[in-house]
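We're numbering straight along the sequence, starting at 1. Hydrogens, waters and symmetry mates play no part in the numbers below; they use all other heavy atoms, side chains included.
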Amino acid sequence: MIEKNNWHQEQERLELVRNKLQVRISELEPEVAGLHDQASDIRKRFWEEVTMNTGTNEDFEESFFTINQQSAVLAERERGHQRLMQQWKNLKRLLPSPYFGRIDFREKGLSFSEEIYIGVSSFVDQDGLSFLIYDWRTPIASMYYDASPGVASYVTPSGTIEGTMELKRQFQIQNGKINNMFDANETIGDDLLQHVLGSGADSQMKSIVATIQKEQNAIIRNDTSRMLIVQGAAGSGKTSAALQRVAYLLYKHRQTIKADQIVLFSPNPMFASYISTVLPELGEENMQQTTFQEYLDYWLDSTLRSEDVFDQIEYVLTKHSMPGYEARLQGMEYKTSEAFLQALQNYGLWLGREGMQFSGIRLQKRDLITAEQMKEKFYGYDHTLPLINRVALLQEWLLNELASLERAERESSWVQEELNYLDTEQYVEAFGMLHKEKEVFDVAERYAAILRDSKQKQRGDEGDFDFTQREEQLLRQKIVRAYFKPLKKSVRNFSFVNLKAIYAQLFVDEETYKEKTNGAAFPALWAEICMRTKEMLDQNKLFHEDATPYLYVKELIEGVRTNTEIRYVFVDEGQDYSSFQYEYLKKLFPRARMTVLGDFGQAIFMQSTSLVGDQSPLVRLFGEADTSLFSLLRSYRSTKEIVEFTRAMLPGGEEIIPFDRKGPKPLLTKLLSREKRDEQVLADIATLRDKGFKSIAIITKTAAESREAYAMLQAPGNETLQLITKETIHFEKGLMVIPVYLAKGVEFDAVLIYNASSKTYGEENERKLLYTACTRAMHELYLYTIEDWSPFIQALPADLYEISS
């Protein structure tokens, strides 16, 4: 119990810091406004300050330097304005709650201790030396998360500082008032966590740097491993730790790394909206965000359309009775495996010997360069050269050939026909170009005459400029160039390589596949897999499981499109990526360190990868020496009752540790009909709203079931009901219907599982779907059925849930 005198002293200190913050904010405001006005004024008067004079070389050079000087002044003013604006924003952000923690640390060898107050950013007193608040990312602040009162130390760039932590105190401050304060013996106290976690869900993830746990802090501050793998239970704070890790890296390496050198691969486009405010709350710019599907769509041929991962899972979950279903599942598993990756590498070696497919270049319905000519030229190069080098040589040869053919084509009869149909505007343009050409011609003639020191040539001699002849030459050149320009562009884009045919010839039959891949093994239903893959290619489509391999083959031939600017890659929901995709990401970002976060308990997609253990390909990606593994077993999102219910669904789930936050047990309701079920769902929604819950999700198994539930639950009072689809970009707080695979990574005050029957969640591969859906709930969880309960629910101990009467 903290004494009243201490409480009074802390409140006085808080008011002192807030007063200093307000003074500094007031001082900065006119500076911020002044620099903004200066930059705006320079922008407006930019050309007034510059006199453009190009009469002589000296005039041109002076004008050039004047422009550069004005640009430098403007850039400096804008940088200064941005720095001050960021400082001003940081101070404004601190004002309501300047800090959340305090440690008293006495360095070894010193007779006094220093009071360290920790907040979301630093604040220095007017003397420029005394820290009134330390940024949570500073080395000394790490002790707040990692150490207990007693012997403690922290690491700085110059070495380890040892000493004694004499006090560790936590605050709950709101609008300048200390609402709660307590001293902690070890890590962040449960009282503070109870307060933070007991509040409602929001439309955006919250920054919770005040409650970072010791194991999360180790993830955030790891700066040595090339591969950092985090296997964490649902609600264990994986994504929060990842975003705080980004903030930490931007703080520690602020001189060398910018936000646009960090990329996060999100599970879906909506997730980007959900986490968009976390980094700005911490005073940092958002990093780049994308999804793997967006990357695939960007780099695939414009003529090809790839199925996305959400359509793929809809197929898996809804098309059990469709012909070819089992073959498709085998194809998904094989095409995302390391075995298929090795097969494609062998295929690349085979293509170096034979089998390359090319597309001829045609003009005016005739062949300029045939596919056979390309093939002959390609395999005429030195066979010891890598495939991509020979393709580059062929590309260079094609461009040279097109240049020669373009010159020859100017004399073709079809060009004369085109000349007859040119409009006046084209002639006027040619006439203007001819006048410029004549000026150059005249200067050259005068210069030649001076050099020869001979009699000036008279008009009408052999050196005369022939307007008529040059006009026709120029127009012919212009016509032919317009036809050849797209041909050259297509060659530069490697369109002469028939990539679709190259990929398709992998799927002819079993014997040819073994021949092309050096005897690679294949699934039992390979013949059917081949047939269906080729059917999709014939329609200019790709199964989702073919998209990454297709790009891999493309880069075997054209070269890898690497991005050396990216320094850190973050992959959220990392269990949903295949080993093939991880290999691809490593090639794509060769200089980047990688952080992968996921939960194999939520591995609901066919290409799922184990993050840890002997089966994980991630450890092999960079090697054990450069890989760090972290396990987050404590679940904070849900109440203890919900975690105990959900963890019992998973084999090995007993390892998950619930945070001791109390709430009602999950409620199971069985009804006689769909109509009765929908009535009960509506009644329960009304009850939850009366309790003050603002974020409520009705979670379904599939998009089709979401549409059905949405149609049935639209009723008076539910006008704001949202249907979340794969096209939804912005995550809004409220009442929504959402398929489970789009709810990954998001949390809600209350979750209603629309149909928890054995028919919906009966197969073993649906166990993790049900687990994922239930773990989205923070405070209350409701499940409904009109049939038998899912076997994963039937197997649960009866004391883990309540049954609705």
Task: Over 12 non-hydrogen atoms of neighbours within 6.0 angstrom of CD in Gln364 - done: yes
TODO: Give, for atom CE of Met649 and atom CG of Leu769, the distance between the pair rounded to the nearest 0.5 Å.
DONE: 11.5 Å
Open item on the list: Assess, by modelled atom type and distance only, whether the side chains of Ser225 and Ser628 contain a donor and an acceptor separated by less than 3.5 Å.
Closed with: yes
TODO: Kindly check if the number of other-residue, nucleotide or ligand heavy atoms within 6.0 Å of CD (Glu376) is above 12?
DONE: no
TODO: State the CG-OG1 distance between Asp297 and Thr291, to the nearest 0.5 angstrom.
DONE: 7.5 Å
TODO: For residues Lys238 and Gln231, determine if any side-chain heavy atom of one lies less than 4.5 Å from a side-chain heavy atom of the other.
DONE: no
Open item on the list: Could you report the tightest heavy-atom contact between Gly745 and Glu573, atom names first, then the distance?
Closed with: N-OE2, 3.5 Å
Open item on the list: Would you say that Met374 contacts Met356 through its side chain, given a criterion of any heavy-atom pair below 4.5 Å between the two side chains?
Closed with: no
Open item on the list: Tell me the closest heavy-atom pair linking Tyr513 and Leu506, and the distance in Å.
Closed with: CD1-O, 3.3 Å
TODO: For this output row, return yes or no: ring centroids of Phe792 and Tyr761 closer than 6.0 angstrom.
DONE: no
TODO: Find out whether the Lys NZ or Arg CZ of Lys335 is both under 6.0 angstrom from the six-membered ring centre of Phe507 and within 45° of the ring's axis.
DONE: yes
Task: Sequence-distant partners of Met536, side-chain contact (heavy atoms from CB on, under 4.5 Å), two or more places apart - done: Lys541, Phe543
Task: Intermediate values then yes/no, side chain to side chain contact (heavy atoms under 4.5 Å, CB included), Thr290 and Gln288 - done: CA-CA 7 Å; Thr290 187; Gln288 295 189 62; over 6 Å; no
Open item on the list: Measuring centre to centre across the rings, with the benzene-like ring taken for any Trp, is Phe522 within less than 6.0 Å of Phe340?
Closed with: no
Task: More than 12 heavy atoms of other groups within 6.0 Å of Arg226 CZ - done: yes
Task: Distance (rounded to the nearest 0.5 Å) between Leu551 CG and Asp546 CG - done: 11.0 Å
Task: Among Val746, Ile724, Thr728, side-chain contact (heavy atoms from CB on, under 4.5 Å) partner for Met736 - done: Ile724
- [ ] Count the heavy atoms belonging to other residues, nucleotides or ligands that lie under 6.0 Å from CD of Glu396, then report whether that count exceeds 12.
- [x] no
Open item on the list: Is a donor from one side chain sitting under 3.5 angstrom from an acceptor on the other, for Gln575 and Gln602?
Closed with: no
TODO: Applying ring-ring contact (aromatic ring centres under 6.0 Å, His included), name anything that partners Phe494, two or more places apart in sequence or on another chain.
DONE: none
Open item on the list: If only side-chain N and O atoms count, and only distance matters, is there a donor-acceptor pair under 3.5 Å linking Glu727 with Thr725?
Closed with: yes
Open item on the list: Side chains of Cys774 and Leu770, heavy atoms from C-beta outward: is any pair under 4.5 Å?
Closed with: yes
- [ ] Evaluate the criterion side chain to side chain contact (heavy atoms under 4.5 Å, CB included) for residue pair Leu487 and Leu368; output intermediate values, then yes/no.
- [x] CA-CA 10 Å; Leu487 299 181; Leu368 287 179; 3.8 Å; yes
Open item on the list: Counting neighbours of CD on Glu285 that are heavy atoms of other residues, nucleotides or ligands and sit closer than 6.0 Å, is the number greater than 12?
Closed with: no
TODO: For residues Thr627 and Phe622, report the shortest heavy-atom separation together with the two atoms involved.
DONE: OG1-CB, 4.2 Å
TODO: Might you point out which heavy atoms bring Leu351 and Tyr379 nearest each other, and give the distance in Å?
DONE: O-OH, 2.7 Å
Task: Rounded distance (nearest 0.5 Å) linking atom CG of Leu228 with atom OG1 of Thr595 - done: 5.0 Å
Open item on the list: Before you tell me yes or no, could you show the steps for Phe496 and Leu394 under side chain to side chain contact (heavy atoms under 4.5 Å, CB included), namely the whole-Å CA-CA distance, both residues' side-chain angles and the distance that decides it to 0.1 Å?
Closed with: CA-CA 10 Å; Phe496 61 92; Leu394 180 62; 3.7 Å; yes
- [ ] Please lay out, stage by stage, how Glu372 and Lys375 fare under the test salt bridge (Lys or Arg N to Asp or Glu O under 4.0 Å).
- [x] CA-CA 5 Å; Glu372 290 72 23; Lys375 197 167 188 176; over 6 Å; no
Open item on the list: Is there a side-chain contact between Gln581 and Thr609 in this structure, where contact means two heavy atoms from C-beta onward sitting under 4.5 Å apart?
Closed with: no
Open item on the list: Assess, by modelled atom type and distance only, whether the side chains of Thr239 and Asp572 contain a donor and an acceptor separated by less than 3.5 Å.
Closed with: yes
TODO: Taking the side chain as every heavy atom from C-beta outward, state whether Phe570 and Met287 have any pair of such atoms under 4.5 Å apart.
DONE: no
Open item on the list: Would you say that Gln477 contacts Arg410 through its side chain, given a criterion of any heavy-atom pair below 4.5 Å between the two side chains?
Closed with: yes
Open item on the list: Apply salt bridge (Lys or Arg N to Asp or Glu O under 4.0 Å) to residues Arg767 and Glu764 and explain how you reach the verdict.
Closed with: CA-CA 5 Å; Arg767 178 193 295 272; Glu764 182 56 36; 2.8 Å; yes
Task: Test item: side-chain donor near acceptor, Lys744 and Asn268, under 3.5 Å - done: no
Open item on the list: Nearest 0.5 Å, please: how far is CD1 in Ile313 from OG1 in Thr318?
Closed with: 10.0 Å
Open item on the list: Once side-chain contact (heavy atoms from CB on, under 4.5 Å) is applied, do any residues pair with Ser495, and if so which ones, sequence neighbours excluded?
Closed with: Ser490, Asn493
Task: side-chain contact (heavy atoms from CB on, under 4.5 Å), paired with Tyr568, selected from Gln261, Arg591, His253 - done: His253
Task: Arg532 side chain vs Arg328 backbone, donor-acceptor pair below 3.5 Å - done: no
Open item on the list: Just so I know, are the side chains of Glu555 and Tyr584 near enough to count as touching, which here means a heavy-atom distance under 4.5 Å?
Closed with: yes
- [ ] Tell me yes or no: between the side chains of Gln345 and Tyr552, is some donor less than 3.5 Å from an acceptor?
- [x] yes
Task: Closest contact, heavy atoms only, Thr517 versus Ala343 - done: CG2-O, 3.5 Å
Open item on the list: Taking Ala521's backbone N and O only, do any of them form a donor-acceptor pair with Tyr334's side chain (distance below 3.5 Å, no angle check)?
Closed with: yes
TODO: Given salt bridge (Lys or Arg N to Asp or Glu O under 4.0 Å), test Arg707 with Glu314 step by step and report yes or no.
DONE: CA-CA 13 Å; Arg707 290 191 294 270; Glu314 283 286 324; 5.9 Å; no
TODO: With the side chain counted from C-beta on, respond yes when Thr562 and Lys587 share a heavy-atom pair under 4.5 Å apart, and no when they do not.
DONE: no
- [ ] Specify the closest pair of heavy atoms between Leu611 and Ile229, including all atoms of both residues, with the distance to one decimal.
- [x] O-CG2, 3.5 Å
TODO: Evaluate whether atom CD of Gln373 has more than 12 neighbouring non-hydrogen atoms of other residues, nucleotides or ligands under 6.0 angstrom away.
DONE: yes
TODO: Would you check, one step at a time, whether the test side chain to side chain contact (heavy atoms under 4.5 Å, CB included) holds for Asn498 with Gln505?
DONE: CA-CA 11 Å; Asn498 191 340; Gln505 70 183 2; over 6 Å; no
TODO: Start with the C-alpha distance between Trp414 and Tyr483, add both sets of side-chain angles, then the distance that settles ring-ring contact (aromatic ring centres under 6.0 Å, His included), and finish with yes or no.
DONE: CA-CA 12 Å; Trp414 67 268; Tyr483 278 89; 4.9 Å; yes
Open item on the list: Is it the case that the side chain of Glu766 and the backbone of Gly762 share a donor-acceptor pair, with hydrogens and angles ignored and the cut-off at 3.5 Å?
Closed with: yes
Open item on the list: Would you compute the distance between atom OH of Tyr754 and atom OG of Ser706 and round it to the nearest 0.5 angstrom?
Closed with: 10.0 Å
- [ ] Compute the ring centroids of Phe310 and Tyr741, then answer whether they are less than 6.0 Å apart.
- [x] yes
